[in-house]
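These notes are about the structure you will find just below.
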Amino acid sequence: MSSGESDRSRLGWAFGAVLMIGLVVLIHLSVGWGVLLAPWMEIRPGALGAALGLVLASYAVRTIRIQEYFKPVTAGRFFRTFRLVLVHNLLNNLLPMRSGEASFPVLMAKVFQVSFSRSLPALFYLRVLDLHFVVLLGTGFFFWGRIDLAWALVLLLAPAPYGLFRAQRWLDGRLSTREGRMATLGREAIQGLPSSSGLFWRIWFWTGLNWSSKLLVLAWILQAFTPMPFPTALVGSTTGELSSVLPFHGIAGAGTYEAGVMAGLVPLGVDLEAAFKAAVNLHLFILGVSILAGSLAAFFPFAKEGVDERADDS
């Protein structure tokens with residue numbers, strides 16, 4: 001690690017620590033932990049268990065997306081891929097400034113022997129799809145009461161990923177006639193992107209299913225903590241998740257996630273204090289699920305597989 005990278009890393013941790021400490025102090029002074037956590041006592045254990053199961057189901061959908069993207073090396077290895085997704089999700093949720101993303105190419109290399117030149121472009125591409133779907137769904141939720149405008153905006157935004165897919169073929173053709181290090185790196189990066197229309201549509205489908213189901217579940221949980229119209233809860237869950245997709249957040253998302261949720265709730269009429277309590281409790285739920293699932297996944301080591309078995313899967 002260079003000195004510049006080391007400085008940025010320390011700055012990220014310092015920034016994340018300030019946000020986390022500031023959030024803890026703000027809760028203590030403005031609301032109080034007893035009042036903040038009181039709604040947890042009112043949620044039925046069955047409903048909480050159902051919410052936990054639905055969030056884990058969204059992780060399973062994310063796992064299928066990874067399997068589809070990296071076939072054939074991931075074929076027939078759902079549980080290994082599932083553990084990888086859970087560990088990556090845990091690190092991504094806990095570490096500041098999106099530094100947990102770096103664990104994905106490392107885990108893909110360790111578990112499936114996928115090179116960085118393939119996993120890094122894939123990770124970037126999947127994050128672009130994630131951002132697109134969160135913005136797409138958030139737009140529809142925000143203009144819920146104006147169906148004509150909502151549909152117009154959704155139809156305007158929806159084709160963007162396919163446009164990028166078509167553009168990569170054009171870019172590949174342009175780079176194939178060029179020489180030099182940048183052209184070589186560009187060709188290698190394109191090799192890590194979807195290579196066929198079929199793969200693109202499968203990845204697009206699983207991305208949409210993942211985010212649709214996850215945002216619906218989070219909105220339901222948000223409503224359980226603070227009564228509000230379901231469309232409003234959908235907007236809050238979307239803006240909260242948008243903060244986690246963006247390239248910066250604090251340690252465990254402390255502060256930035258709450259600000260994201262409140263940015264969706266307060267303009268739609270939710271009381272500032274109620275929105276703050278709901279945002280913190282939703283964040284605690286998400287962290288609790290990711291820590292529980294990720295810790296259990298990390299506890300069970302990835303099984304060793306031989307080169308011959310990987311060759312057979314190919």
Side-chain angles (χ1 to χ4, degrees), residues 54-70 74 81-82 84-105 107-108 118-142 153-154 156-165 167-168 189 192-194 199-219 234-249 252-253 256-257 260-261 263-264 282-283 286-287 289-290 293-294:
L54 290 170
V55 172
L56 290 176
S58 74
Y59 293 157
V61 172
R62 197 184 306 178
T63 300
I64 296 173
R65 181 176 73 158
I66 296 296
Q67 281 201 294
E68 287 285 350
Y69 202 113
F70 289 98
T74 54
T81 312
F82 191 44
L84 183 149
V85 166
L86 294 179
V87 172
H88 172 237
N89 182 68
L90 172 63
L91 295 174
N92 205 23
N93 280 341
L94 293 184
L95 299 182
M97 307 301 287
R98 306 296 296 174
S99 56
E101 290 283 31
S103 65
F104 181 77
L107 288 168
M108 287 299 298
R118 185 182 178 196
S119 61
L120 283 172
L123 176 62
F124 176 78
Y125 188 82
L126 292 174
R127 286 297 175 251
V128 169
L129 286 184
D130 288 340
L131 180 60
H132 169 260
F133 263 99
V134 174
V135 172
L136 181 68
L137 295 172
T139 300
F141 297 152
F142 187 80
L153 291 172
V154 167
L156 182 66
L157 293 171
Y162 188 69
L164 290 175
F165 171 70
Q168 78 187 44
L193 302 180
L199 177 59
F200 165 79
W201 287 116
R202 291 196 299 275
I203 298 303
W204 189 88
F205 169 78
W206 290 115
T207 302
L209 181 60
N210 170 57
W211 281 107
S212 300
S213 58
K214 183 177 182 180
L215 292 175
L216 286 170
V217 173
L218 295 184
L234 282 171
V235 174
S237 66
T238 303
T239 52
E241 288 302 299
L242 181 60
S243 75
S244 68
V245 174
L246 294 176
F248 51 85
H249 62 71
T256 49
Y257 189 85
V261 174
L282 177 63
H283 195 191
I286 294 171
L287 287 178
V289 174
S290 63

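Keep in mind the model is a prediction, meaning the values are calculated, not measured.
- Here CH2 of W211 is found 11.5 Å from CG of L129. Values are rounded to the nearest 0.5 Å.
- Contact check for P161 versus F133: no side-chain heavy atoms found under the 4.5 Å cut-off.
- Nearest heavy-atom pair across I203 and E68 is CD1-CB, 3.9 Å.
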### Query
Hey, mind stepping through L120 and F104 against side chain to side chain contact (heavy atoms under 4.5 Å, CB included) and telling me if it holds?
CA-CA 8 Å; L120 283 172; F104 181 77; over 6 Å; no
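- Between atom CG of residue L84 and atom OG of residue S103 there is a gap of 8.0 Å, rounded to the nearest 0.5 Å.
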### Message
Let's go through L126 and I66 carefully: what are the C-alpha distance in whole Å and the side-chain angles of both, what is the deciding distance for side chain to side chain contact (heavy atoms under 4.5 Å, CB included) to 0.1 Å, and is it a yes or a no?
### Response
CA-CA 9 Å; L126 292 174; I66 296 296; 3.8 Å; yes
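- Note that OG1 of T74 is 6.5 Å distant from CE of M108, once rounded to the nearest 0.5 Å.
- From S290, atom OG reaches atom CG of N92 across 10.0 Å, with rounding to the nearest 0.5 Å.
- Ion pairing of R65 with D130 is present here, as a side-chain N (NZ or NE/NH1/NH2) and a carboxylate O approach within less than 4.0 Å.
- S243 contributes a side-chain N or O that, together with a main-chain N or O of G240, makes up a donor-acceptor pair within less than 3.5 Å.
- Of all the heavy atoms in T81 and Q67, the pair that sits closest is OG1-CG, 3.7 Å.
- Atom CZ in R62 sits 10.0 Å away from atom CZ in F82 (nearest 0.5 Å).
- The minimum heavy-atom distance between P105 and L123, with the atom names listed, is CD-CD2, 4.2 Å.
- To the nearest 0.5 Å, atoms CG (L131) and OG1 (T207) are separated by 12.0 Å.
- Nearest heavy atoms, L90 versus G294: CD2-C, 3.8 Å.
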### Message
Run L54 and S213 through side chain to side chain contact (heavy atoms under 4.5 Å, CB included) and show every step you take.
### Response
CA-CA 8 Å; L54 290 170; S213 58; over 6 Å; no
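- Within the 3.5 Å criterion, the main-chain N or O of N210 finds no donor-acceptor partner in the side chain of S58.
- Taking every heavy atom of both residues into account, T238 and V134 meet most closely at CG2-O, 3.3 Å.
- Minimum interatomic distance between E241 and L218 (heavy atoms only, all atoms of both residues): OE2-CD1, 3.5 Å.
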### Message
Set out, in order, the CA-CA distance, both residues' side-chain angles and the distance that settles side chain to side chain contact (heavy atoms under 4.5 Å, CB included) for L193 and Y69, then state yes or no.
### Response
CA-CA 9 Å; L193 302 180; Y69 202 113; 4.2 Å; yes
